[in-house]
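None of these values were measured; they are calculated from a predicted model.
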Amino acid sequence: MQEIIGNKLKELYPDVSENLIQLQKTKSDFEGDVTLVVFPLVRISKKSAEETATAIGEFLTNELSFVEGFNVVKGFLNLEISTSYWLSQFHKILNTPNYGVREKSNKTYIVEYSSPNTNKPLHLGHLRNIFLGFSVANILEANGHDVVKTQIINDRGIHICKSMLAWQLFGEGETPESTGLKGDKLVGKYYVAFDKKYKEEIKELVTQGMEKEQAEKHAPILIQAQEMLKKWEEGDKEVVQLWEMMNSWVYAGFDVTYNTMGVDFDSLYYESDTYILGKDIVESGLSKGLLYQKEDGSVWCDLSEEKMDDKLLLRGDGTSVYMTQDVGTAVKRFNDFPATVGMIYTVGNEQEHHFKVLFTILKKLGYPFAEECFHLSYGMVNLPTGKMKSREGTVVDADDLMAEVINDAKEITEERGQIENLNDQQRSQLFQQIGLGGLKYYLLKVDPKKSMMFNPEESIDLNGNTGPFIQYTYARTQSIIHKERGVLAKFNPDTEAEKSEIDIVKHLLELPEMIKEAGKTYSPALVANYTYELVKLYNSFYQSVSIFKEENKDKQNLRLLLTEKVAETVHFTMSLLGIEVPSKM
RNA sequence: GCGCUUGUGGUGAAAGGGAUAUCACAGGAGCCUUCUAAGCUCUUAUUCCAGGUUCGAAUCCUGGCAGGCGUACCA
C-alpha cells in the first residue's frame, strides 16, 4: 500500500521522495485506517498542512478505488480503506505458503549462547541467556539464513580444578550414581565445598597474623588447585582422567537441563581445544609485530588508539587468559563456517568491555570478520534478595526453577483446565508446555538490554501479557478448528466484515515486516509483543462475534479462516520464542 | 575519576522524530442457558530534572540527578 500511495502521490507532487511519505496506522481514537503524515510534504505543496492534507485526500479518494474517504486532523490525513481491500489482502495471505518466513538468503549466522563453566549447574541467568540465544537463532532462520547454534564450553582453568580438587579431598569416591545427584549438581557441590574450605583457611591464616590479601594467595588449598592446573596443562594422566570423568558428569547433567528447556546446539567448542589455537595466533601476531612483548615475556595488544587499556594476551609464564581463548574460538568458527556473515555472542552485559576489546583485537590481527561480530548483550537477572552469587549459594537453580513453574502450571491447570480426556503422559506434557511457556515468555518479552527482577516466590504470572494467556487463546482456536470439519468453503473476498475481523487482518499483514525487524535487531521481545497483540485482537473478536451461530456462510467462512490463520501465526511466532502451544488446556 | 547503559501510571512493560503516550498487573464497575471466564467490556492513575535542535521530542543533542554494569597477568 505504501508503494501504491507513494506512486500516486508522485503524480500529484513529482518532487516527493520515498522518505517523505510517512504512512502509519491510524490511532484508534480517529476515524480511518491509514494515516499519512503531511508535514514533510508542505515544503513541496507550498500550502498549509491542512490544505495539503485535504488536497491529497481528495486526490487519493478519486484516484484509488480502495480509498473510500478521508478526514484531516491537524495535518494528519486519515484515509479510510475499503473492507474489500483488506479482505483481498487477507486472501493473498491465505495463498502465501509459509507466510512470514523469508526466502533463503544463503547467508550463515553463528549464534552462541549458554557457554557455561563446567564446575557448577545452570542457573536463572543462564535461562535468560539460553532462551534469548535460542530464540534469536530461530528468528534468523525465519529470515532465511542458515544458522549454527553453538557455545563455548569453559571446561578448563583454575575454577574447574577447584571442584576437582575438592572432590579428590572430600569426595570419598562419590559419583552421580552413588548419590543419585545430577552430575552437574554433584560437581557444583564440590565447587562450593572448595570455597568453604578456602575461606576457612584464609580465616585461620589471618588469625595467625597474616594480612588478608596475603592469606588469599597462600591458602594451601588454593596452592594445591594451582598445582593441579599446572599438572593438567602438562597433560598429567591422573589429573586429565579426573577432569574427563567429572566433565562427563557435568555434560550428562547439562543435557538433562537443555532437554527440559527444549533447546539444542549444532556445534560445540571447548576452551580446552581453542586456547591452544589462540596461543598460536597470538604468537604469530607477535612475530608480525601486531602485538608487543614486555620484558617479563608477557604479550599485549596495544589499544591506546582506541582509548582503552592495553590487553594482556599471554602471561609472563606463557599461559593464556580468557581473551586468548576467545580469539582462537572466533577464528576457528569462521574457518569452520566460511559462509558466515555474522556471529552473535549472547553474553551478559557485564562483559561488554570484554567483547569490545575482543573485536578490536581481532581487527588489529587482521581478521576482516571482526566487523561481523556482535555482542548480544542482556541485562542481569536480579533477585529480590540481591545479586546471585554461585559461591555463596544464592543462585536460583535452573532445574529447580523449571520444576517449580511446571508444578505451578499443574496446580492451576488441574483446577481450571479442560483436561478430562488427557492421559497422564499428555497431562505432564501439557504442564511442561504451560510452565515453561510462561517462564520463557516472561524472560523474553522484555527488551534484552534491561536488567530485570525475578521473584521466585511469586514465580510467573498467568494472566495478561503472559505465555499461558497466549497458549490459552491458541487452545481456543484449536477447539473451534476441531469442530469446523466440513463447514469450511472457498473464501469469498466480497463478504462483509466486522471491525474486529479487519483489525486481525491488519495485524496479520504486519507479520513479515515484524519478522524482518526482529531479525535485524535480534529481538525476541518484538516477536512476543506482536503475538500478544494478535491474540488480544483475536480474543476481542472471539468475544464479539459467534462463529457457529452465524448463518451467512461467507461470514462464517471468514471467521473460520481468520481463526485458522491466527492459530497458524501464533504457533509460528511462539515457536520462534521456543514456546510450544497446546491444543487443549 | 573515566566508559557503557537504564530511568515511562502504585508495580512490570510498549511506543522504527508524529496526533489526546499504549498495554498488562494491582484497585473500582460490569459480562457465563451462547464456539474454553487462564477470557471480554468500561474505569482511576504515568514520560527523572534543566536547557537545546525541530512545524513536531518519551525518542535526537548538551548538562545535571538516580540506579545497574564495567574499567584485572579473574572468568
Side-chain angles (χ1 to χ4, degrees), chain A residues 22 24 26-30 35 37-40 42-43 48-49 73-76 78 115 117 119 154 157-160 271 294 296-300 307-309 311-317 319-323 325-326 348-354 356-357 377 379-380 382 387 409 412-413 415-418 434 438 442 445-447 449-453 455 458 461-473 475-484 513 517 520-521 525-526 528-529 532-533 535-536 538-550 559-560 563 584-585:
Chain A
Q22 292 181 28
Q24 53 193 247
T26 301
K27 301 251 176 193
S28 57
D29 304 342
F30 301 94
T35 297
V37 185
V38 299
F39 293 109
V42 295
R43 233 177 286 159
S48 76
V73 182
K74 291 204 266 181
F76 292 86
N78 303 318
S115 302
N117 293 332
N119 61 349
N154 299 291
I158 188 73
H159 52 297
I160 308 297
E271 184 184 339
K294 284 192 183 171
D296 63 358
S298 57
V299 179
W300 297 74
K307 289 179 183 157
M308 294 187 283
D309 291 336
K311 180 65 196 176
L312 175 93
L313 287 167
L314 285 176
R315 295 193 183 98
D317 63 3
T319 58
S320 61
V321 291
Y322 194 53
M323 189 61 83
Q325 169 259 128
D326 264 1
N349 63 9
E350 58 196 352
Q351 294 195 36
E352 268 167 16
H353 182 73
H354 173 83
K356 213 168 139 191
V357 171
S377 165
M380 299 287 99
N382 295 311
K387 232 186 129 157
I412 290 169
T413 307
E415 190 184 310
R416 48 183 152 169
Q418 304 215 340
I434 296 173
Y442 184 90
K445 73 175 177 186
V446 182
D447 182 343
K449 274 201 301 282
K450 293 188 176 178
S451 58
M452 61 194 296
M453 176 81 88
N455 190 342
E458 291 169 13
D461 299 331
L462 294 160
N463 301 320
N465 189 358
T466 66
F469 168 74
I470 293 166
Q471 289 172 320
Y472 178 78
T473 309
R476 277 179 154 178
T477 64
Q478 294 313 290
S479 126
I480 290 170
I481 287 166
H482 283 130
K483 282 182 193 162
E484 83 175 27
E513 189 56 34
E517 187 65 20
K520 226 162 63 184
T521 57
L526 233 49
N529 287 336
Y532 175 59
E533 197 63 38
V535 302
K536 255 196 335 174
Y538 184 81
N539 274 328
S540 190
F541 152 81
Y542 178 95
Q543 208 78 215
S544 67
V545 301
S546 171
I547 293 175
F548 291 108
K549 283 189 174 171
E550 177 57 54
R559 289 174 195 170
L560 285 170
T563 301
K584 272 188 183 171
M585 70 184 268

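For A:Asn463, counting side-chain heavy atoms from C-beta on, the closest listed nucleotide (B:A38, B:C23, B:C73) is B:A38. Between B:A38, B:G70, B:A14, one nucleotide has an atom nearer to the side chain of A:Asn529 than all others, and that is B:A14. Distances were taken from every side-chain heavy atom of A:Pro468 (C-beta onward) to each of B:A38, B:C35, B:A75; the shortest belongs to B:A38. The A:His159 side chain lies nearest to B:A75 when the options are B:C35, B:A75, B:A38. Side-chain proximity of A:Lys536 to the nucleotides B:C73, B:C40, B:U36 is greatest for B:C40. Side-chain atoms of A:Ser479 lie closest to B:U36 of the nucleotides B:A19, B:U36, B:C23. Closest approach to the A:Lys549 side chain among B:G39, B:U34, B:U36 is made by B:U34 (side chain taken as heavy atoms from C-beta onward). Distances were taken from every side-chain heavy atom of A:Asp447 (C-beta onward) to each of B:A38, B:A19, B:A14; the shortest belongs to B:A14.
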Checking A:Lys27 against A:Asp29 for the salt bridge (charged side-chain N to carboxylate O under 4.0 Å, His left out) test, could you report, in this order, the C-alpha distance in whole Å, the side-chain angles of both residues, the deciding distance, and whether it holds?
CA-CA 5 Å; A:Lys27 301 251 176 193; A:Asp29 304 342; over 6 Å; no
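Across every non-hydrogen atom of A:Ile434 and A:Gln471, the tightest pair is CA-OE1, 3.5 Å. Closest non-hydrogen pair, A:Pro468 versus A:Gly438, comes out as CD-CA, 3.6 Å. The nearest pair of heavy atoms linking A:Val38 to A:Gly75 is CG2-O, 2.9 Å.
Of the nucleotides present, none pairs with B:A58 by Watson-Crick or G-U wobble criteria with both distances under 3.5 Å. B:U36 is unpaired under the criterion used here, namely a Watson-Crick or G-U wobble arrangement in which both key atom distances are under 3.5 Å. In this structure B:G3 sits in a base pair with B:C69, meeting the Watson-Crick or G-U test at under 3.5 Å. Across all strands shown, the partner of B:U41 is B:A29, judged by Watson-Crick or G-U wobble contacts whose two distances both fall under 3.5 Å. Across all strands shown, B:U20 forms no Watson-Crick or G-U wobble pair with both distances under 3.5 Å.
Applying the 3.5 Å distance criterion, the base of B:A24 shares no donor-acceptor pair with the side chain of A:Thr466. Put simply, the side chain of A:Gln543 and the base of B:G39 share a donor and an acceptor less than 3.5 Å apart. With hydrogens and angles ignored, a donor-acceptor pair closer than 3.5 Å exists between the side chain of A:Asn78 and the base of B:A19.
As judged by a 4.0 angstrom heavy-atom cut-off over every strand, A:Gln22 is placed among the base-contacting residues. Residue contacts shown for A:Asn382 are absent, as no nucleic acid heavy atom lies under 4.0 Å away. Using a 4.0 Å heavy-atom distance criterion, A:Gly157 is classed as making no nucleic acid contact. Among the protein residues, A:Val545 comes within range of the nucleic acid bases, having at least one heavy atom under 4.0 Å from a base atom. Among the heavy atoms of the strands lying under 4.0 Å from A:Lys584 is at least one base atom, whether or not backbone atoms are also near. Looking at heavy-atom distances under 4.0 Å, A:Thr473 makes no contact with the nucleic acid at all. A:Gln418 comes within 4.0 angstrom of a nucleotide base, judged by non-hydrogen atoms across all strands. A:Asp309 comes within 4.0 angstrom of sugar-phosphate atoms only, judged by non-hydrogen atoms across all strands, and of no base. Here A:Tyr542 lies in heavy-atom contact (under 4.0 Å) with a base. Nucleic acid contact for A:Lys74: sugar-phosphate only, since backbone atoms but no base atoms lie under 4.0 Å from a heavy atom of the residue. Using a 4.0 Å heavy-atom criterion, one finds that A:Met585 contacts the bases of the nucleic acid, with or without backbone contacts as well. A:Val37 comes within contact range of at least one nucleobase, with a heavy-atom separation under 4.0 Å. No engagement by A:Gln471 is indicated, since no non-hydrogen atom pair under 4.0 Å with the nucleic acid exists.
Note on A:Tyr472: a side-chain N or O is less than 4.0 Å away from OP1 or OP2 of B:A38. Taking 4.0 angstrom as the limit, A:Ser540 places none of its side-chain polar atoms (N or O) nearer than this to OP1 or OP2 of B:C40. Residue A:Arg315 places no side-chain N or O under 4.0 Å from the OP1 or OP2 atom of B:A72.
In this structure, A:Phe76 and A:Phe39 have perpendicular ring planes: the angle between them is above 60°, well past the 30° mark.
For A:Asp296 (side chain) and A:Ser298 (main-chain N/O), a donor-acceptor pair under 3.5 Å exists by modelled atom type.
Between the side chains of A:Thr477 and A:Tyr542, not a single donor N or O lies within less than 3.5 Å of an accepting N or O. In the model, A:His159 has no side-chain atom that pairs as donor or acceptor with a side-chain atom of A:Asn154 under 3.5 Å. Residues A:Thr26 and A:Thr35 bring a donor and an acceptor atom of their side chains to less than 3.5 Å of each other.
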What does the list of N/O pairs under 3.5 Å between the protein and nucleotides 2-12 of chain B look like, with a distance for each?
from, atom 1, to, atom 2, distance (Å)
B:C4, O2', A:Glu352, OE1, 3.3

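As rounded to whole Å, 9 Å separates atom P of B:A19 from atom CZ of A:Phe30. A:Lys520 has its NZ atom 8 Å from the C1' atom of B:G16, to the nearest Å. Between the C1' atom of B:A38 and the CD1 atom of A:Ile470 lies a distance of 12 Å, rounded to the nearest Å. Summarising the geometry, the separation between CZ on A:Arg559 and C1' on B:U34 is reported as 14 Å, rounded to the nearest angstrom. Going from atom CG of A:Asn455 over to atom C1' of B:C25 covers 14 Å, rounded to whole Å. Going from atom CE of A:Met323 over to atom P of B:U71 covers 11 Å, rounded to whole Å. Remark: P of B:A57 and CZ of A:Phe39 are 11 Å apart, rounded to the nearest angstrom. Atom-to-atom, NE2 of A:His354 to P of B:C69 comes out at 19 Å; the value is rounded to the nearest Å.
Residue side chain A:Phe469 fails the stacking definition with respect to B:G39, as its ring centre and the base's six-membered ring centre are not both under 5.5 angstrom apart and under 30 degrees in plane angle. Under the stacking definition used here (centres under 5.5 Å, planes under 30°), the residue A:Phe76 qualifies as stacked on the base of B:A19.
Two residues, A:Glu513 and A:Val535, neighbour RNA chain B, and the one matched to the more 5' nucleotide by heavy-atom proximity is A:Glu513. Remark on RNA chain B: of its neighbouring residues A:Gln24 and A:Gln351, the 5'-side contact belongs to A:Gln24, judged by nearest-heavy-atom nucleotide.
Taking 4.0 Å as the cut-off between side-chain N and carboxylate O, A:Asp317 and A:Arg315 do not count as a salt-bridged pair.
Considering OG1 of A:Thr563 and CZ of A:Arg476, their distance stands at 11.0 Å, rounded to 0.5 Å.
Using atom C1' as the reference point in both B:C49 and B:G67, the two lie 16 Å apart (nearest Å). With P as the reference atom, B:G17 and B:A13 are 23 Å apart, rounded to whole Å.
Ring-centre distance between A:Tyr472 and A:Phe469: not below the 6.0 Å cut-off.
Regarding the sugar-base torsion, B:C32 falls in the syn class, its angle being within 90° of 0.
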